[in-house]
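A quick write-up on the structure given underneath.
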Amino acid sequence: MQTETGSTTHDSNSATDKNTVNINDDLRQLERDIHDALVEGTNIQETVHNLTLKAMKADRLDIDSIRRIITAVTNGVQEGAQQKFLTVSNQSQTAKTQITAAISGLDSALARFAEASKLAVQEAAGHAQRFSDKELVRTKTDLESLESLFLDTLQNTASAAKGVISDILHDAANHAKNNGTVVGTQLKETLATFAQQAASVGHAQIDASAQLAQRTAGFIHKIATGVFSGIKDHTQEKK
């Protein structure tokens with residue numbers, strides 16, 4: 001006879017396994033979609049931006065999940081560009097333009113993730129609510145490493161690529177490192193908001209009923225669908 005506790009544990013493990021399979025399937029699909037966008041060669045920046053935001057769901061906003069999303073996107077960019085341009089002569093400038101557009105789309109999507117985190121915290125503060133200190137600290141730590149994660153993954157993808165595609169990706173990584181990124185600019189605002197929230201008088205507030213990740217995912221959806229006026233214009237901020 002199976003105990004109630006044993007049944008609950010089994011159900012929990014099954015749900016976890018199913019969720020892991022779903023995430024892995026989604027990441028493989030994300031990589032294929034990015035690959036196809038590079039091969040097709042139209043609206044690359046907007047397509048990469050939108051696909052990246054679509055992948056950012058409430059249960060996938062921890063730093064490990066974001067790392068996997070960034071990796072899937074950069075792998076898709078590298079593989080798509082490799083397939084399209086490796087056997088085509090005199091296309092290096094076109095390849096550079098399209099890869100740069102794809103990286104810009106990823107950069108701006110990460111910036112919108114950082115912005116969504118800021119908006120979630122501001123909304124809670126506006127309703128005299130606050131998220132738990134543990135959750136705020138964990139999310140702040142994740143955000144502090146976001147830009148370096150983006151740059152490191154881009155550099156690693158460049159090293160795994162071949163020929164002119166590798167050179168272009170290395171150039172893109174070095175340009176982002178030396179000239180700054182959209183996500184880096186947005187993170188300054190977001191982290192300042194987190195610092196203000198951490199310094200606020202906690203006992204005058206109540207805990208927010210929803211988790212920070214859930215609130216952030218809600219804002220990501222609003223940003224992705226253009227609910228906030230002017231949000232989509234940010235995709236053109238950095239070149």
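Note: hydrogens, waters and symmetry copies are ignored here, and every other heavy atom, side chains too, is used. FYI, the numbering just counts along the sequence from 1.
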Q: Mind listing the closest non-hydrogen atom pair of Leu53 and Ala109 along with its distance?
A: CD2-O, 3.6 Å

Q: Run through Leu154, Ile99, Ile165 and flag the one making a side-chain contact (heavy atoms from CB on, under 4.5 Å) with Val77.
A: Ile99

Q) Taking 4.0 angstrom as the limit, do Asp142 and Arg138 come out as a salt bridge? A) yes

Q. How long is the gap from OG1 on Thr193 to CG on Leu143, to the nearest 0.5 Å?
A. 10.5 Å

Q: In sequence, state the C-alpha distance, the side-chain angles, and the governing distance for Thr139 and Asp62, and then conclude on side-chain contact (heavy atoms from CB on, under 4.5 Å).
A: CA-CA 8 Å; Thr139 304; Asp62 59 279; over 6 Å; no

Q) When rounded to the nearest 0.5 angstrom, what is the spacing between CD1 in Ile168 and OG1 in Thr100? A) 7.5 Å

Q. Which pair of non-hydrogen atoms, one from Gln211 and one from Phe131, has the smallest distance, and what is that distance?
A. C-CE2, 3.8 Å

Q | Residue pair Leu151 / Ala176: nearest heavy atoms and the distance that separates them | A | CD2-CB, 3.5 Å

Q: Given side-chain contact (heavy atoms from CB on, under 4.5 Å), test Glu46 with Asn50 step by step and report yes or no.
A: CA-CA 6 Å; Glu46 183 178 1; Asn50 291 338; 3.5 Å; yes

Q. Which pair of non-hydrogen atoms, one from Glu135 and one from Ala213, has the smallest distance, and what is that distance?
A. OE2-N, 3.7 Å

Q: Examine the side chains of Glu147 and Thr181 and answer whether a donor and an acceptor come within less than 3.5 Å of each other.
A: yes

Q. Which atoms form the tightest heavy-atom contact between Val48 and Ala102, and what is the distance?
A. CG1-O, 3.4 Å

Q: I would like to know whether Asp33 and Gln29 meet side chain to side chain donor-acceptor pair (under 3.5 Å); could you show each step before the answer?
A: CA-CA 6 Å; Asp33 289 344; Gln29 185 62 53; 2.8 Å; yes

(Q) Could you work out, with side-chain contact (heavy atoms from CB on, under 4.5 Å) as the rule, every residue matching Lys57, not counting sequence neighbours? (A) Asp26, Asp59, Arg60

Q | Set of side-chain contact (heavy atoms from CB on, under 4.5 Å) partners for Ser145, sequence neighbours left out | A | Ile63, Ser148

Q. So, are Glu115 and Arg112 salt-bridged, with charged N and O less than 4.0 Å apart?
A. yes

Q: Provide the closest heavy-atom pair for Ile34 versus Val73 in the form atom of the first, atom of the second, distance.
A: CG2-O, 3.5 Å

(Q) Whether the side chain of Asn174 engages the backbone of His170 through a donor-acceptor N/O pair (distance < 3.5 Å, no angle test) should be reported. (A) yes

Q | Pair Arg68-Ile23, side-chain contact (heavy atoms from CB on, under 4.5 Å): steps then yes or no | A | CA-CA 10 Å; Arg68 295 181 67 192; Ile23 292 173; 3.9 Å; yes

Q. Roughly how far, to the nearest 0.5 Å, is the CD atom of Gln45 from the OG1 atom of Thr97?
A. 11.5 Å

**Q.** Lys118/Gln122 under side-chain contact (heavy atoms from CB on, under 4.5 Å): CA gap, chis, key distance, verdict
**A.** CA-CA 6 Å; Lys118 180 191 76 170; Gln122 287 178 329; 3.9 Å; yes

Q: Start with the C-alpha distance between Gln82 and Gln78, add both sets of side-chain angles, then the distance that settles side chain to side chain donor-acceptor pair (under 3.5 Å), and finish with yes or no.
A: CA-CA 6 Å; Gln82 205 90 47; Gln78 180 251 313; 3.1 Å; yes

Q) Going through the checks in order, is the side chain to side chain donor-acceptor pair (under 3.5 Å) test met by Thr190 and Gln186? A) CA-CA 6 Å; Thr190 299; Gln186 178 58 53; 3.2 Å; yes

(Q) Quick check for you: to the nearest 0.5 Å, what is the distance between Leu146 atom CG and Arg67 atom CZ? (A) 10.5 Å

